[in-house]
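Working notes for the structure below.
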Amino acid sequence: MFVSAQVGLAELALSGCTMTSDHLYLYPNGARLDDTIAAAQEVGLRFHPTRGAMSIGESAGGLPPDSLVEREATILEDSIRVVDAFHDAGEGAMVRVGLAPCSPFSVSRDLMREAALLARDKGVMLHTHLAESDEDIAYSLHHFGCRPGEYAESLGWVGDDVWHAHCVKLDCSEIDLFARTGTSVSHCPCSNCRLGSGIAPVRAMRDRGVKVGLGVDGSASNDAGNLVSEARQVMLLQRVLNGADAMSAREALEIATLGGAQVLGRHDCGRLEVGKRADIAVWDMSGVEAAGSWDRVALLLAGPSRVRDLIVDGRQVVRGGAMKTIDLPLVTERQNRLARALMG
């Protein structure tokens, strides 16, 4: 967990990302959320890890093997532990912890409700997967007798302290619910394409005032942790769905920056202006990729895929296109060894 988080965070950093969340919901062999937090502290990104969970195994109709699920009492106890140990509610915080049962079909109704109550008691945010595919909708209608948005609302999973991943299949009433309650969405366009889930109604969400940020999802459903690639993809997909003028490069860039900060409740981040934190990505637009461009927002259309410099809270994380906080070749080789061992 530590090494994979190091590599994933470094890849994000090299794509210009200064702040990210992570949804860790499986804890095999004694792994803990502490491991990914330690990795983020070394890499130097602003980090919002979430204490995820799965409690319904295959024998009970759930997704994961029974050996990987946890007792719900244990999940809640460890949630309290990690919030108390790591969550920083102050301005400029480098670590904030959220609570994140994996999905409505991998934990019980009771755990969803208890997690929401605990999060509000602790003053932390909530996160889960919602309405990602047609199968999700069918499951919700069959088991809960309602659509995912209605189910979330019934359990207290809407509000400005909640963000849901994917939301590819939200209908108009659910989008209106999210807009009315201040509920946010983490849009993962490349993952949605790779899995064939569909195109999320981002244009409709934005038009109704729903806060939308970008996610790269995990390596199980995406092949790269590149924030700029996701920003380009959201722009292209909304044009495919709604026409060539549906989304500009400038709006996609806003979703990738300010949008993500708003989703995570970070009013101190997301803009380059007086009073915000010193989180800055610098791109070299003098190369052949951007030759002939006259608008710097062309970064999403014809720019480099790797950042030149990255500064997070005033600390240099990337300089001259190379990681400065960790020995990335060494870390990458260590991850490759671990991956080969898993294959064996």
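These numbers were taken from a predicted model, which means no experiment stands behind them.
We find the CD1-CD distance between Ile255 and Glu230 to be 12.0 Å, quoted to the nearest 0.5 Å. Considering CG of Leu342 and CZ of Arg337, their distance stands at 13.0 Å, rounded to 0.5 Å.
Paired with Pro49 under the rule side-chain contact (heavy atoms from CB on, under 4.5 Å), one option of Thr20, Leu33, Asp34 passes, and it is Leu33.
Using a 4.0 Å cut-off between charged side-chain N and carboxylate O, Asp268 and Arg46 make no salt bridge. The residues Lys169 and Glu135 are annotated as not salt-bridged, no charged nitrogen and carboxylate oxygen being separated by less than 4.0 angstrom. With salt bridges taken as basic N to acidic carboxylate O contacts below 4.0 Å, none links Asp176 and Arg180.
At a threshold of 4.5 Å between non-hydrogen side-chain atoms, the residues Trp283 and Val228 count as touching. His164 is listed as a side-chain neighbour of Thr183, based on a closest heavy-atom distance under 4.5 Å. When side chains are defined from C-beta on, Met112 counts as touching Trp157, because their heavy atoms get closer than 4.5 Å. Within the 4.5 Å cutoff, side-chain heavy atoms of Glu114 are placed close to those of Leu76. The side-chain heavy atoms of Leu130 and Pro104, taken from C-beta on, include a pair separated by under 4.5 Å.
The closest donor-acceptor contact from the side chain of Asp284 to the backbone of Val307 lies at 3.5 Å or more, if one exists at all. The main-chain N or O of Gly149 is found under 3.5 Å from a side-chain atom of Glu174 such that the two form a donor-acceptor pair.
A pairwise comparison of heavy atoms in Arg32 and Leu24 identifies O-CD2, 4.4 Å as the closest pair. Nearest heavy-atom pair, Met54 versus Val107, reported as atom, atom and distance to 0.1 Å: CA-CG1, 4.0 Å.
Geometrically, Arg51 does not engage Tyr25 in a cation-pi contact, judged by NZ or CZ lying under 6.0 Å from the ring centre and within 45° of the ring axis.
The 12-atom threshold is exceeded at CZ of Arg113, counting heavy atoms of other residues, nucleotides or ligands nearer than 6.0 Å. The local environment of NE2 in His143 is crowded, with over 12 non-hydrogen atoms from other residues, nucleotides or ligands closer than 6.0 Å. Within 6.0 Å of the CZ atom in Arg239, the count of heavy atoms belonging to other residues, nucleotides or ligands exceeds 12.
Between Trp163 and His127, the two ring planes are parallel [angle under 30°; tilted spans 30° to 60°].
Residues His187 and His166 place their aromatic rings such that the two centres sit no closer than 6.0 Å.
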